[in-house]
Amino acid sequence: MERTYVMIKPDGVQRGLVGEIIARIERRGLKIAALRMNVIDVDSAKQHYREYTEKPFFGSLVSFITSGPSVSMVVEGKDAIPIMRAVNGATNPVEALPGTIRGDLAIETGRNVVHASDSSEAAEREIKIHFDDSEISKYSRIDNLWLYE
Ligand code: IDP
Ligand code: MG
């Protein structure tokens with residue numbers, strides 16, 4: 001069982017795609033273990049994207065991600081990290097395959113609608129930035145409809 005951090009970015013919220021995106025995640029078979037909509041503060045956004053501090057797009061990325069409400073989730077399930085990367089599709093929507101969120105719902109990298117952690121280290125780090133442990137549901141551990149073996 002893995003946990004990953006997923007964000008519906010402000011463009012996805014503004015475009016009314018929250019239900020569409022959550023439905024795709026749930027239909028795939030992953031579970032929502034935590035869910036919140038809020039405007040992410042600038043410090044959290046800078047921490048979240050700290051590996052890009054020196055990139056020319058860092059400033060616009062941080063100001064975009066904090067520009068309006070976004071939806072933050074902890075998504076869990078077997079292989080949740082690679083599966084969510086596949087559900088989202090390639091970073092640049094030009095390369096994202098049809099059937100992926102970005103391949104169906106986005107046209108440019110700077111407005112690519114969703115985020116998902118790219119490794120277990122990133123997932124652990126990002127979940128800590130956006131959630132307290134007490135906000136993460138433990139219910140699936142007693143839900144025997146869900147078999148992670
Ligand atoms: P990911 O979101 O698929 O993990 P990353 O390479 O980690 O992609 O980049 C993080 C985010 O930064 C992207 O989703 C995108 O919104 C933004 N970004 C990445 N590269 C560029 C760029 O060249 N121009 C503008 N924004 C970019
Ligand atoms: Mg990334």
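Just follow the structure's listing: the first ligand is 1, and inside any ligand the first atom is 1.
Using a 4.5 Å cut-off on side-chain heavy atoms (C-beta onward), Arg125 and Arg50 make contact. The shortest side-chain heavy-atom distance between Thr53 and Lys55 does not fall under the 4.5 Å cut-off. Proximity of Glu124 to Arg3: side-chain heavy atoms (C-beta onward) are nowhere separated by under 4.5 Å. At a threshold of 4.5 Å between non-hydrogen side-chain atoms, the residues Pro93 and Thr109 count as touching. Contact of the Tyr5 side chain with the Met7 side chain is registered, since non-hydrogen atoms from C-beta on lie closer than 4.5 Å.
Here the heavy atom of the protein found nearest to atom 7 (O) of ligand 1 is Tyr52 OH, 2.5 Å. Closest protein heavy atom to atom 4 (O) of ligand 1: Arg85 NH1, 2.7 Å.
Residue contact annotation: Tyr49 has a non-hydrogen atom under 4.0 Å from ligand 1. Using a 4.0 Å heavy-atom cutoff, Lys55 is absent from the residues neighbouring ligand 1. Taking 4.0 Å as the cut-off, Asp118 does not count as a neighbour of ligand 1 on heavy-atom distance. Ligand 1 lies less than 4.0 angstrom from a heavy atom belonging to Lys9. Judged by the shortest distance from any of its heavy atoms, Arg102 lies inside the 4.0 Å radius around the atoms of ligand 1.
Interface of Leu61 with ligand 1, defined as ligand atoms under 4.0 Å from a residue heavy atom, comprises 12 (O), 16 (O), 17 (C). Listed by number with element, the atoms of ligand 1 under 4.0 angstrom from any heavy atom of Asn112 are 13 (C), 14 (O), 15 (C), 16 (O). Every atom of ligand 1 is numbered from 1 in the order shown, and the set under 4.0 Å from a heavy atom of Thr109 is 15 (C), 16 (O), 18 (N), 19 (C), 20 (N), 21 (C), 27 (C).
By the 6.0 Å contact criterion, CD1 on Ile107 is open, its count of non-hydrogen atoms from other residues, nucleotides or ligands being 12 or less.
Within the set Phe57, Phe64, Phe58, the minimum heavy-atom distance to atom 24 (N) of ligand 1 is found for Phe57.
Nearest heavy-atom pair across Asp118 and Ile81 is C-CG2, 4.1 Å. Across every non-hydrogen atom of Ile22 and Leu35, the tightest pair is CD1-CD1, 4.1 Å.
For ligand 1, one of its N or O atoms has an N or O atom of Thr91 under 3.5 Å away.
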